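So the structure is just underneath, and the comments pick up after that.
Excluded from the calculations below are hydrogen atoms, water molecules and symmetry mates; all remaining heavy atoms, backbone and side chain alike, are included. Note that the coordinates shown come from a computational prediction; the quantities given were computed from them, not determined experimentally.
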Amino acid sequence: KTLNRIRRIKGQLNALERLIGQDEGTCEDRVLRARTIEKGMTSLITHLVDCYVENTVQHEMQSDPEQAVQELQKILRLMNN
């Protein structure tokens, strides 16, 4: 699932590069494609955080809740920078 998201983003980036390289499309087209890539990246980041919570934090909550909270705080700081 994660690799499919990455491949989709790569494809979108390649399409934008071709559009610009061949001087095709309007500026609006380019901005729309760039925004699509941005949304794809946001979706990828959200997916990665969800996986982290499901696979790591859930386990740590049982064995070391304090560590789990620290890990979550670290991830949230990364998302906000």
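- Between atom CG of residue Leu32 and atom CZ of residue Arg35 there is a gap of 9.5 Å, rounded to the nearest 0.5 Å.
- Heavy atoms only, all atoms of each residue included: Gln58 and Glu54 are closest at OE1-O, 3.1 Å.
- Asp50 contributes no side-chain N or O that, together with a main-chain N or O of His47, makes up a donor-acceptor pair within less than 3.5 Å.
- No more than 12 heavy atoms of other residues, nucleotides or ligands shown are found within 6.0 angstrom of CD on Glu28.
- Considering all non-hydrogen atoms of both residues, Glu60 and Ala68 come closest at OE1-CA, 3.4 Å.
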Can Gln12 and Arg8 be said to form a side-chain contact (heavy atoms from CB on, under 4.5 Å), step by step? CA-CA 6 Å; Gln12 292 167 340; Arg8 191 176 319 126; 4.1 Å; yes
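- Two different hydrophobic clusters hold Leu13 and Val31 under the rule that ILVMFWY side chains link at heavy-atom gaps under 4.5 Å.
- The CG atom of Asn14 sits 9.0 Å away from atom CD1 of Ile37, with the distance rounded to the nearest 0.5 Å.
- Distance OG1/Thr36 to CE/Met41: 13.5 Å, rounded to 0.5 Å.
- For the pair Asp23 and Arg30, the salt-bridge criterion is met [side-chain N within less than 4.0 Å of a carboxylate O].
- Ser43 contributes no side-chain N or O that, together with a main-chain N or O of Lys39, makes up a donor-acceptor pair within less than 3.5 Å.
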Walk me through it: do Val57 and Ile75 pass the test side-chain contact (heavy atoms from CB on, under 4.5 Å)? CA-CA 11 Å; Val57 174; Ile75 290 293; over 6 Å; no
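- Linking Ile, Leu, Val, Met, Phe, Trp and Tyr whenever their side-chain heavy atoms come within less than 4.5 Å puts Val49 and Met61 in one cluster.
- Under the 4.5 Å side-chain criterion, counting only non-hydrogen atoms from C-beta, Glu71 is not in contact with Thr56.
- Dense packing is recorded around CD of Gln67, with more than 12 heavy atoms of other residues, nucleotides or ligands lying under 6.0 Å away.
- A single hydrophobic cluster is not seen to contain both Leu78 and Leu44; linkage of ILVMFWY side chains at heavy-atom distances under 4.5 Å, directly or through other members, places them apart.
- Cluster membership check: Leu72 does not share its hydrophobic cluster with Leu48, using side-chain heavy-atom separations under 4.5 Å among Ile, Leu, Val, Met, Phe, Trp and Tyr.
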